[in-house]
Number of protein chains: 2
Amino acid sequence: MGRPRAFDEDEVVRAAVTLFAGRAYDSVSVDDLVSHLGVHRNSLYKVFGSKRGLYLAALQHYLSQELTAAELDLLLLAMAERAPVDAEVATLVDAALRDLDKALGGPAATATLLGERLRARATP
Amino acid sequence: MGRPRAFDEDEVVRAAVTLFAGRAYDSVSVDDLVSHLGVHRNSLYKVFGSKRGLYLAALQHYLSQELTAAELDLLLLAMAERAPVDAEVATLVDAALRDLDKALGGPAATATLLGERLRARATP
DNA sequence: AGGGTTAAGGAACACTCGTTCTTGACTGAT
DNA sequence: ATCAGTCAAGAACGAGTGTTCCTTAACCCT
């Protein structure tokens, strides 16, 4: 019943990952999301509750996959600017970092990887 | 001649460093700056030209001193969220990183230091 | 004392923000 | 055919944004 959705929820989340990985959370407006994601304002709020809800969904989807070195940007931004002011983000980030520690063989390797990617992002 | 300033420019810049080190650039409003810095709106624009101008002044002042491990936060934020969208920030950051490389003995040590501090900031 | 100049103080600007409301279109089941 | 339920479309909201304007206060120099 009801009118069928004209958008793919997973596709929306993946596009949101790309947007949020590119610039700071506050620099990505709901207008940006609506116009780049192919989802309407109303549906965004219906499905994700808020801009923050979509951000959290995007972050979770992103952190649930294998992180390659080239795709650390959303994690970097989440660590630098969101985790300090959003406890839920901090929790997600912490879990992802522990996984990285295991995959890489220890926190030292994680720190080096993050530091290198952060620098590559800042000074291309 | 003219009415003397009721604020110390250096003090304002140092307070701006603290504010900008705490949260993302867009999260720090001009109202925040005005109310925490002891400088009035008009003077802020007269002296620094814009919010970005004050940010750049704060970043330069901050990068011109010795960076201790506990005070890397503004550099981290600048790298993560400003350098990719502000070429002048990218230039300042690049120079500071080269200095860090020399002080620490190579880019690898810089990467590790930044990665460790980034994590400490994200998951306290 | 009196211009000239600079800063403080605060209202006001046009604009953007995240969010909600209203209206109408489309669907499957009765 | 009708009804309930879901979505699209877009206008509208109040609050907040960075910036500018205008008036008043404080100082130096002649």
Side-chain angles (χ1 to χ4, degrees), chain A residues 1-60 74 77-78 81-82 85-89, chain B residues 1-60 74 77-78 81-82 85-89:
Chain A
M1 41 183 135
R3 179 173 175 170
R5 286 187 179 165
F7 65 94
D8 178 12
E9 188 168 324
D10 257 33
E11 200 170 325
V12 164
V13 170
R14 268 183 280 116
V17 168
T18 303
L19 268 185
F20 282 124
R23 10 193 191 119
Y25 177 79
D26 283 327
S27 295
V28 179
S29 70
V30 176
D31 275 358
D32 290 334
L33 293 167
V34 164
S35 58
H36 286 81
L37 265 53
V39 65
H40 228 265
R41 257 187 167 61
N42 239 333
S43 307
L44 190 157
Y45 280 90
K46 195 81 171 181
V47 175
F48 302 103
S50 65
K51 175 187 175 184
R52 177 173 176 268
L54 174 54
Y55 174 82
L56 289 176
L59 184 60
Q60 280 181 290
L74 183 52
L77 270 179
E81 64 139 0
R82 295 313 298 164
V85 296
D86 190 324
E88 196 165 344
V89 172
Chain B
M1 34 182 142
R3 178 172 176 172
R5 288 183 179 167
F7 64 94
D8 178 11
E9 188 169 323
D10 258 33
E11 200 171 324
V12 165
V13 170
R14 268 183 281 115
V17 168
T18 303
L19 268 186
F20 282 123
R23 10 193 189 119
Y25 177 79
D26 283 328
S27 295
V28 179
S29 70
V30 175
D31 275 357
D32 290 335
L33 293 167
V34 163
S35 57
H36 287 81
L37 266 51
V39 65
H40 236 265
R41 256 187 170 62
N42 236 334
S43 306
L44 191 157
Y45 280 89
K46 195 80 171 181
V47 175
F48 302 103
S50 65
K51 175 187 174 184
R52 178 173 175 267
L54 173 54
Y55 174 82
L56 289 175
L59 184 61
Q60 280 181 289
L74 183 51
L77 270 179
E81 65 138 0
R82 296 312 298 164
V85 295
D86 190 325
E88 196 164 344
V89 172

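Letters A, B, ... mirror the listed sequences (proteins, then strands); counts begin at 1.
As a whole-Å value, the separation of R52(B) CZ from dT19(D) P is 11 Å. When the C1' atom of dT6(C) is taken as reference, atom CZ of R3(B) falls 9 Å away, rounded to whole Å. As rounded to whole Å, 10 Å separates atom P of dG18(C) from atom CG of D26(B). In this entry the distance linking NZ of K51(B) with P of dT19(D) reads 8 Å, nearest Å. The nearest whole Å value for the distance from the NE2 atom in H40(B) to the P atom in dT20(D) is 17 Å. Distance, N42(B) CG to dG10(C) C1': 9 Å, rounded to whole Å. At whole-Å resolution of the value, CG in L54(A) and P in dT19(C) are 11 Å apart. Taking atom CZ of F7(A) as the reference point, atom P of dT6(D) lies 13 Å away to the nearest angstrom.
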Donor-acceptor pairs are to be reported for all side-chain atoms of residues 26-36 of chain A against protein atoms at under 3.5 Å, with residues two or more places apart or in another chain.
| residue | atom | partner | partner atom | Å |
| --- | --- | --- | --- | --- |
| D26(A) | OD2 | S27(B) | OG | 2.5 |
| S27(A) | OG | D26(B) | OD2 | 2.5 |
| S29(A) | OG | D31(A) | N | 3.4 |
| S29(A) | OG | D32(A) | N | 3.0 |
| S29(A) | OG | D32(A) | OD2 | 3.2 |
| D31(A) | OD1 | R41(A) | NH1 | 3.0 |
| D31(A) | OD1 | R41(A) | NH2 | 2.4 |
| D32(A) | OD2 | R23(A) | NH1 | 3.2 |
| D32(A) | OD2 | S29(A) | N | 3.1 |
| S35(A) | OG | D31(A) | O | 2.9 |
| S35(A) | OG | D32(A) | O | 3.2 |
| H36(A) | ND1 | D32(A) | O | 3.0 |

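With hydrogens and angles ignored, a donor-acceptor pair closer than 3.5 Å exists between the side chain of R41(B) and the base of dT19(D).
Using a 4.5 Å heavy-atom threshold, the side chains of Y25(B) and R52(B) count as touching. You'll find the side chain of L37(A) stays beyond 4.5 Å of the side chain of F7(A), heavy atoms only.
Taking CZ of R82(A) as the start and CG of L77(A) as the end, the distance is 10.5 Å to the nearest 0.5 Å.
Residue E81(B) comes nearest to A24(A) through the heavy atom pair OE1-CB, 3.1 Å, listed as atom of the first residue, atom of the second, then distance. What you find for L74(A) and A58(A) is that their closest heavy atoms are CD2-O, 4.4 Å. In terms of heavy-atom proximity, L59(A) sits nearest to A78(A) at CD1-CB, 4.1 Å.
Of the candidate nucleotides dA9(D), dG18(C), dG9(C), dG18(C) has the atom nearest to the side chain of Y45(A).
Between F20(A) and Y55(A), the angle of the ring planes goes over 60°, which puts this pair in the perpendicular group of the 30/60° scheme.
Of the residues in residues 27-34 of chain B, those placing a heavy atom less than 4.0 Å from an atom of DNA chain D are V28(B), S29(B), V30(B), D31(B), in numerical order.
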Give DNA chain D the dot-bracket treatment, 5' to 3': Watson-Crick (N1-N3 with N6-O4 or O6-N4) or G-U (N1-O2, O6-N3) under 3.5 Å, [ ] crossing, | other strand. ||||.|||||||||||||||||||||||||
